[in-house]
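Worksheet: the structure to be examined is printed underneath.
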Amino acid sequence: MSTDLLDKGYEPQEVEQRWYAFWEKEGLFRAEAESDRKSFSIVIPPPNVTGVLHMGHALNNVLQDILCRYRRNRGDNVLWMPGTDHAGIATQNVVERQLAAEGTDRHDLGREQFIERVWRWREESGGAIINQLKRLGASCDWERERFTMDEGLSRAVRKVFVQLYEEGLIFRGDYIINWCPRCDTALADLEVEHEEVDAHLYHILYPFTAGEGGITVATTRPETMLGDTAVAVNPDDERYHNLPSEQVRLPLTDREIPIIRDSYVDTSFGTGGLKVTPAHDPNDFEISRRHSLPAVKAIGDDGRMTEEAGTYAGMDRFECRKAVLKDLEEQGLLQKIDPLKHSVGHCYRCGVVVEPNLSRQWFVKAKPLADKAMAAVREGETRIIPDMWERTYFDWLENIRDWCISRQIWWGHQIPAWTCEDCGELIVAMEDPQKCPKCSSTELVQETDVLDTWFSSALWPFSTMGWPDETPLLKTFYPTSALVTAFDILFFWVARMMMMGIHFMKDVPFRDVYIHALVRDEQGQKMSKSKGNVIDPLLIIDNYGTDAFRFTLAAFAAQGRDVKMSEKRVEGYRHFINKLWNAARFSLMHLDRPCPDIPSEGLSLPDRWILSRLYRVMRTVEEGIDTYRFNEAAGALYQFVWHEFCDWYLEAIKPTLHGKTDESARNATLSVLWRVLRETLILLHPFIPFVTEEIWHKLPGTEGS
RNA sequence: AGGCACGUAGCUCAGGGGGAGAGCACUACCUUGACACGGUAGGGGUCGUUGGUUCAAAUCCAAUCGUGCCUACCA
């Protein structure tokens with residue numbers, strides 16, 4: 001009997017460091033590119049290269065790690081592919097802020113130097129998130145770590161772009177897009193966050209060019225009137241039959257614009273008169289196409305009024321709004337101001353009010369790709385779990401619009417398109433062209449835009465495995481077994497991976513999509529820096545140990561409900577880790593040798609009972625993990641370890657262990673104890689890898705991992 | 001405007017046609033050689049409201065109230 005097998009209290013820090021180093025050294029997370037074993041694969045949702053670990057990452061990666069370790073325990077050939085995302089706008093913003101602090105900007109630096117600077121920043125900070133994932137215990141195959149701007153992945157991006165272009169699924173067009181004047185780039189529809197604000201509805205009179213009166217239009221953005229090219233009314237609106245004139249004078253300008261009829265106009269809204277600003281409103285843009293109206297761009301890409309705005313040129317758009325209202329007021333054309341709640345789009349990266357703007361951008365024709373992505377889920381090739389998200393997935397894909405993929409930033413994959421200066425030919429190619437195929441000119445200028453970050457992320461499941469080459473890795477691990485992610489990137493990422501995966505690999509990128517909840521604070525608020533309610537996972541790990549933290553996350557990861565995180569809870573599960581530690585400590589006082597053979601008869605009642613409970617919890621855990629009900633598995637283990645194994649079994653066998661019985665009964669009990677402890681450690685390992693590993697190696701007869 | 005989810009013990013939540021549960025908090029007792037990050041015993045809820053289906057409803061259905069979130073081009 002000895003008590004020095006395990007220290008009295010569990011010391012996570014030392015144990016965690018030691019074991020993680022051991023696992024890495026032994027290559028235990030390494031996947032075999034070719035193997036007879038069953039494959040199991042997951043690609044990590046690549047965190048932003050410049051990011052730091054937050055609670056969302058923690059939950060996301062712990063759940064993936066549980067799946068991977070569980071499969072490894074079962075003998076599967078497991079690939080957990082790690083990597084990071086270059087996060088175009090977000091990363092560029094960070095570096096631009098640094099430059100601003102140094103009193104310079106990217107234009108001073110020039111494109112090449114700026115990009116170098118970003119790469120440098122990536123070198124400095126790119127390792128942080130990876131090391132933090134390791135502290136979580138993440139068992140990724142680190143030797144395969146990828147980055148969305150790796151050479152290989154960039155080649156995949158180019159290949160995809162060129163092929164889609166040749167298939168007519170990528171095109172360039174003049175379109176109304178969302179423009180962020182702060183980030184100075186186009187945004188996809190998804191990248192716009194709508195927020196309800198208290199605003200005003202201004203009623204403005206546009207006088208007829210002949211006769212009395214005019215048409216009153218209503219708008220929330222009066223400054224856009226400077227870009228109006230028509231006034232629209234509903235053809236059935238009797239108020240506007242037999243007008244004295246078919247033209248109105250656009251106030252504050254010397255322009256005359258036509259009155260058009262379009263059924264889009266809602267007769268019940270305002271006065272039934274709609275100002276049409278094709279360059280600055282998506283609906284107006286559509287109307288303008290139907291009626292062949294010109295577009296006048298009154299607001300520039302920098303958020304200031306253009307020359308088209310006449311005397312207002314150069315003004316900030318919101319300054320201009322005030323000025324326009326004042327001038328209209330003076331001319332007696334501002335008839336009414338109503339309060340109005342409506343939603344205004346903001347840039348998801350910087351929060352600035354987005355300006356719809358007409359410009360030439362690149363698009364992916366989404367419909368054909370979306371149809372197949374829907375079919376795959378409908379036919380069960382990919383399961384979305386919990387299935388309530390299927391509906392959301394379908395809703396979005398059914399109403400999908402073309403995906404604007406060009407961004408006017410510098411950090412990202414530059415679009416592989418060139419224009420011939422001499423003949424205007426557009427060239428899209430894998431390799432940088434030397435001369436124009438049409439006129440042989442060497443004056444070729446590459447498109448300056450880069451691709452939306454999500455374009456490269458959409459290829460992640462196969463680009464990380466070496467596509468477009470036909471690699472053994474792809475053969476073994478594609479389609480991946482599961483994708484684990486939060487719902488907030490269901491459209492951004494999951495749906496697009498489905499579209500690209502099906503198109504290029506002819507098979508879905510994953511069999512299961514498990515959508516987990518968001519981690520919130522104690523009050524259920526989203527954690528954000530501005531609210532100051534962020535709980536740093538690393539701090540929690542420092543204070544309570546990784547295992548306690550992991551178990552807390554797993555225990556609260558009930559499907560369909562957000563996880564409210566607080567230190568108090570982690571503390572509770574630290575008690576559990578300690579309980580397990582001490583149960584092991586007690587057991588090891590008696591288990592001084594391997595006892596693998598459980599006698600087939602003569603077992604005591606407690607022995608038989610705990611074995612039956614063990615088998616039951618084994619089934620529950622297996623079922624829980626297989627169905628992504630991590631909380632059920634964790635809950636069952638908690639209950640079993642504490643209230644069955646510790647409270648009942650260990651207490652019940654104390655008399656036997658403490659000697660007063662015959663040797664064969666004692667041996668029988670020891671063999672049961674040995675077995676139960678061993679199996680329990682295996683069951684617990686995916687959840688709490690460090691403490692179980694530490695105990696495992698003290699248990700006689702369980703050398704190796 | 002549509003959609004989704006959620007309202008169960010003081011708090012956080014699991015459960016899901018027939019015993020109302022867990023953790024934390026609380027009360028009393030226990031410094032018993034695994035563990036006070038512990039043990040034993042205990043208090044506490046008419047499972048949002050109202051109807052319906054059923055022999056039976058916290059559990060299914062409908063309505064209603066409340067909360068949160070997502071999608072959306074009504075200026």
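Labels below follow one simple rule: chain letters A, B, ... track the order of the sequence lines, proteins then strands, and each chain is numbered from 1.
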For this session: Check A:Ile695, A:Asp547, A:Leu580 against A:Tyr10 for a side chain to side chain contact (heavy atoms under 4.5 Å, CB included) and give me the one that passes.
Result: A:Asp547

For this session: Using atom CD1 of A:Ile287 as one end and atom P of B:A75 as the other, report the distance to the nearest whole Å.
Result: 13 Å

Exercise. Reckon A:His643 touches a base, only the sugar-phosphate, or nothing at all at heavy-atom distances under 4.0 Å?
Worked result: sugar-phosphate

For this session: Mind calculating the distance between CD (A:Gln639) and P (B:A22) to the nearest angstrom?
Result: 9 Å

Exercise. Taking atom P of B:G3 as reference, at what distance in whole Å does atom CH2 of A:Trp396 sit?
Worked result: 21 Å

Exercise. When rounded to the nearest Å, what value does the distance between C1' atoms of B:A62 and B:A28 take?
Worked result: 48 Å

For this session: Write down the distance separating the C1' atoms in B:U32 and B:G68, rounded off to the nearest Å.
Result: 50 Å

Problem set entry | Under 3.5 Å on both distances, the Watson-Crick or G-U partner of B:C24 | B:G10

Exercise. Can you find a donor-acceptor pair, distance only, under 3.5 Å between A:Lys579 side chain and B:C35 base?
Worked result: yes

Exercise. In terms of the nearest nucleotide of RNA chain B, which residue is placed more toward the 5' end: A:Pro282 or A:Phe487?
Worked result: A:Phe487

Exercise. Salt bridge check: are A:Arg289 and A:Glu286 linked by an N-O gap of less than 4.0 Å?
Worked result: no

Exercise. How far does the C1' atom of B:C65 sit from the matching atom of B:U50, given to the nearest Å?
Worked result: 10 Å

Exercise. Using the P atom in both, what is the distance from B:C60 to B:C4, to the nearest Å?
Worked result: 16 Å

Exercise. Can you tell which of B:G3, B:A5, B:A75 lies closest to the side chain of A:Met388?
Worked result: B:A5

For this session: Take the protein atom CG of A:Asp647 and the nucleotide atom C1' of B:U32, then report the distance between them rounded to whole Å.
Result: 15 Å

Exercise. In whole angstroms, how far is the P atom of B:C35 from the CD atom of A:Glu571?
Worked result: 20 Å

Exercise. Paired with B:G33: which nucleotide, if any, by Watson-Crick or G-U wobble criteria at under 3.5 Å for both distances?
Worked result: none

Exercise. Given A:Pro251, which of A:Leu334, A:Leu328, A:Leu205 fulfils the side chain to side chain contact (heavy atoms under 4.5 Å, CB included) condition?
Worked result: A:Leu328

Exercise. Which whole number of Å gives the distance between the P atom of B:A5 and that of B:G10?
Worked result: 27 Å

Exercise. Rounding to a whole Å, what distance do you find between A:Leu201:CG and B:A75:P?
Worked result: 8 Å

For this session: Go ahead and name the base partner of B:G19; Watson-Crick or wobble counts if both distances stay under 3.5 Å, otherwise write none.
Result: none

Seminar exercise, completed: Here the distance between atom P of B:A34 and atom OH of A:Tyr649, to the nearest Å, is 15 Å

Problem set entry | Residue A:Ala218, side-chain heavy atoms: nucleotide from B:C73, B:C35, B:A75 that is nearest | B:A75

Exercise. Does a side-chain N or O from A:Arg401 land closer than 4.0 Å to OP1 or OP2 of B:C73, or not?
Worked result: yes

Problem set entry | B:C4 phosphate, OP1 or OP2, under 4.0 Å from A:Arg391 side-chain N/O | yes

Exercise. With a 4.0 Å cut-off on heavy atoms, is A:Arg221 in touch with a base, just the backbone sugar-phosphate, or nothing at all?
Worked result: nothing

Exercise. So does A:Lys654 get a side-chain nitrogen or oxygen closer than 4.0 Å to the phosphate oxygens (OP1/OP2) of B:G33?
Worked result: no

For this session: Would you indicate what A:Phe491 reaches in the nucleic acid, counting non-hydrogen atoms under 4.0 angstrom: base, sugar-phosphate, or nothing?
Result: sugar-phosphate

Exercise. Rounded to whole angstrom units, what separation is found between the CG atom of A:Leu490 and the P atom of B:C70?
Worked result: 13 Å

Exercise. Quick one: is A:His575 getting a side-chain N or O under 4.0 Å of the B:C35 phosphate, OP1 or OP2?
Worked result: no

Exercise. Ion pair present between A:Arg391 and A:Glu398, side-chain N to carboxylate O less than 4.0 angstrom?
Worked result: no

For this session: Considering only atom P, compute the distance from B:C6 to B:G15 and round it to an integer number of Å.
Result: 10 Å

Problem set entry | Candidate nucleotides B:C37, B:A34, B:G39, ranked by approach to the side chain of A:Trp642 - the nearest | B:G39

For this session: For B:U40 and B:U46, measure between their P atoms and round to the nearest Å.
Result: 28 Å

Exercise. Paired with B:A62: which nucleotide, if any, by Watson-Crick or G-U wobble criteria at under 3.5 Å for both distances?
Worked result: B:U50

Problem set entry | Test item: A:Thr229 side-chain N/O and A:Pro294 main-chain N/O as donor-acceptor pair under 3.5 Å | yes

Exercise. So what's B:G43 paired with, Watson-Crick or G-U wobble, going by both distances under 3.5 Å?
Worked result: none

For this session: Classify the nucleic acid contact of A:Val217 as base, sugar-phosphate or nothing, counting any heavy atom under 4.0 Å across all strands shown.
Result: nothing

For this session: Taking atom C1' in both B:U8 and B:G16, compute the distance separating them and give it to the nearest angstrom.
Result: 11 Å

Problem set entry | Aromatic plane relationship, A:Trp642 with A:Phe576 - under 30° parallel, 30 to 60° tilted, over 60° perpendicular | parallel

Exercise. Within the structure shown, what part of the strands sits under 4.0 Å from A:Glu286 by heavy-atom distance: base, sugar-phosphate, or nothing?
Worked result: nothing

For this session: Inspect the contact between A:Arg613 and A:Glu644 and indicate whether a charged nitrogen and a carboxylate oxygen are less than 4.0 angstrom apart.
Result: yes

Exercise. Under a 4.0 Å N-O cut-off, is there an ion pair linking A:Lys297 with A:Glu308?
Worked result: no

Exercise. Picking from B:A75, B:C37, B:A34, which would you name as closest to the side chain of A:Arg574?
Worked result: B:C37

For this session: Using both distances under 3.5 Å as the test, list the Watson-Crick or G-U wobble partner of B:U71, or none.
Result: B:A1

